[in-house]
Amino acid sequence: MSSPACISMKGVSKSYACQGGGSPVISHVDFHIAVADSCAIIGPSGSGKSTLLNIIGLLDFADAGEYLFMGRPVTKKQSDELAALRKKNIGFVFQNFNLIPRLNVVENVALPLRYHGVDRGQSLERAMLMLQRVGMAHRAGYKPADLSGGQKQRVAIARALVGQPSLILADEPTGSLDGQTASEILELLLSIQKEQGVTLLIVTHDPLVAGLMRRQVRVCNGRVEEAGKC
Ligand SMILES: Nc1ncnc2c1ncn2[C@@H]1O[C@H](COP(=O)(O)OP(=O)(O)OP(=O)(O)O)[C@@H](O)[C@H]1O
């Protein structure tokens, strides 16, 4: 039997209450991503990319349709269970890094392991290994405020990957970086993605970034289409 897809959506729709029952932001979406694949989500501003990412990342729920994450049905009823599933299986990378300012670099990276109940010593040890992988071990004791944008994103990538998640969701991960730094960060993200066999999903406005992913889909008119078809 073949292994389940990482993401499998069928007929998924979502609208927001404040829209007063207006047309859904995403409507009857069918979307599948295989384990260990890389995919870019592109589309105009306001088309629903973040809405889709929030549902995929178990941060929000669809109103209708079926969503299986790693073969497991996702429904609103099990929201506590899903929070645990999210913490264990999904790593997030944001445009603005979202590092915790009062913690130093290694403590930031160790945080997801602490949430998983790993003891402090082991968490810090594993965080240091991850920092070595992203070329940031020499800044382990620094606070985020004392790092460049590219360095902050390397740390954020280490934090996203330290718990060995199944899926990395990256929302405009290079949006705050200059071109050269952005290329280095993407190269790093893609090489770790291949090494660890993790599934990678990136929301981006940048066609160069999208072009580096194996697959590109476009969100438009409430639907998700293979890029080029819409
Ligand atoms: N929490 C919310 N409550 C109400 N409406 C929302 C909410 N989040 C998003 N929307 C609306 O849903 C639509 C899609 O928004 P979304 O943020 O998903 O788009 P996007 O494609 O990610 O946009 P951008 O590229 O500008 O970030 C927009 O019209 C937005 O106003």
Side-chain angles (χ1 to χ4, degrees), residues 6-33 37-69 74-80 82-83 86-87 90-99 149 152-153 156-157 160 165 167-179 181-183 185-186 189 199-230:
C6 178
I7 292 163
S8 181
M9 286 185 159
K10 205 158 180 229
V12 164
S13 300
K14 169 85 185 169
S15 52
Y16 291 103
C18 67
Q19 292 174 315
S23 58
V25 176
I26 55 170
S27 173
H28 299 101
V29 163
D30 294 340
F31 184 41
H32 305 270
I33 300 197
D37 205 355
S38 66
C39 179
I41 301 180
I42 58 175
S45 183
S47 58
K49 302 181 296 296
S50 300
T51 299
L52 181 67
L53 207 69
N54 288 342
I55 296 171
I56 290 171
L58 313 177
L59 294 165
D60 201 356
F61 298 96
D63 302 326
E66 181 187 75
Y67 173 29
L68 304 181
F69 173 70
V74 172
T75 67
K76 218 174 195 164
K77 284 185 197 135
Q78 342 125 304
S79 57
D80 285 350
L82 290 177
R86 181 178 67 239
K87 283 184 188 153
I90 305 179
F92 293 88
V93 179
F94 303 96
Q95 176 169 358
N96 294 320
F97 324 118
N98 289 10
L99 298 173
K152 284 180 195 167
Q153 202 57 306
I157 288 169
L167 173 65
I168 294 288
L169 296 179
D171 199 349
E172 298 283 0
T174 56
S176 302
L177 306 175
D178 66 76
T181 309
S183 307
I185 290 294
L186 277 170
L189 197 51
T199 310
L200 174 64
L201 197 52
I202 288 190
V203 167
T204 182
H205 285 101
D206 184 340
L208 291 176
V209 173
L212 292 171
M213 301 300 120
R214 197 198 64 80
R215 206 178 139 201
Q216 296 92 35
V217 297
R218 181 186 300 276
V219 181
C220 72
N221 302 326
R223 300 296 178 101
V224 176
E225 308 271 0
E226 295 301 318
K229 285 191 190 163
C230 196

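Start at 1 and go down the list; that is how both ligands and their atoms are numbered. Since we're looking at a predicted model, the values are computed, not measured.
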Thr51 versus Asp60, side-chain donor and acceptor atoms under 3.5 Å
no
Is Ser38 reaching over with its side chain to a backbone N or O of Leu200, donor-acceptor style, under 3.5 angstrom?
no
Using atom types as modelled and distance alone, determine if a side-chain donor or acceptor of Asp63 lies under 3.5 Å from a backbone N or O of Ser15.
yes
Separation between [atom1] of [X] and [atom2] of [Y], rounded to the nearest 0.5 Å:
{"X": "Lys49", "Y": "Ile41", "atom1": "NZ", "atom2": "CD1", "answer": "9.5 Å"}
{"X": "Glu66", "Y": "Lys10", "atom1": "CD", "atom2": "NZ", "answer": "7.0 Å"}
{"X": "Ser50", "Y": "Asp171", "atom1": "OG", "atom2": "CG", "answer": "4.5 Å"}

Atoms of ligand 1, numbered as shown, that sit under 4.0 Å from any heavy atom of [X]:
{"X": "His205", "answer": "25 (O)"}
{"X": "Lys49", "answer": "18 (O), 19 (O), 20 (P), 21 (O), 22 (O), 23 (O), 24 (P), 25 (O)"}
{"X": "Ser50", "answer": "17 (O), 18 (O), 20 (P), 22 (O)"}
{"X": "Pro44", "answer": "21 (O)"}

Judged by heavy atoms only, the candidate from Ser45, Ser15, Gly175 nearest atom 24 (P) of ligand 1 is Ser45
Val25-ligand 1 polar pair, N/O distance under 3.5 Å:
no
Any heavy atom of Gly48 sitting closer than 4.0 Å to ligand 1?
yes
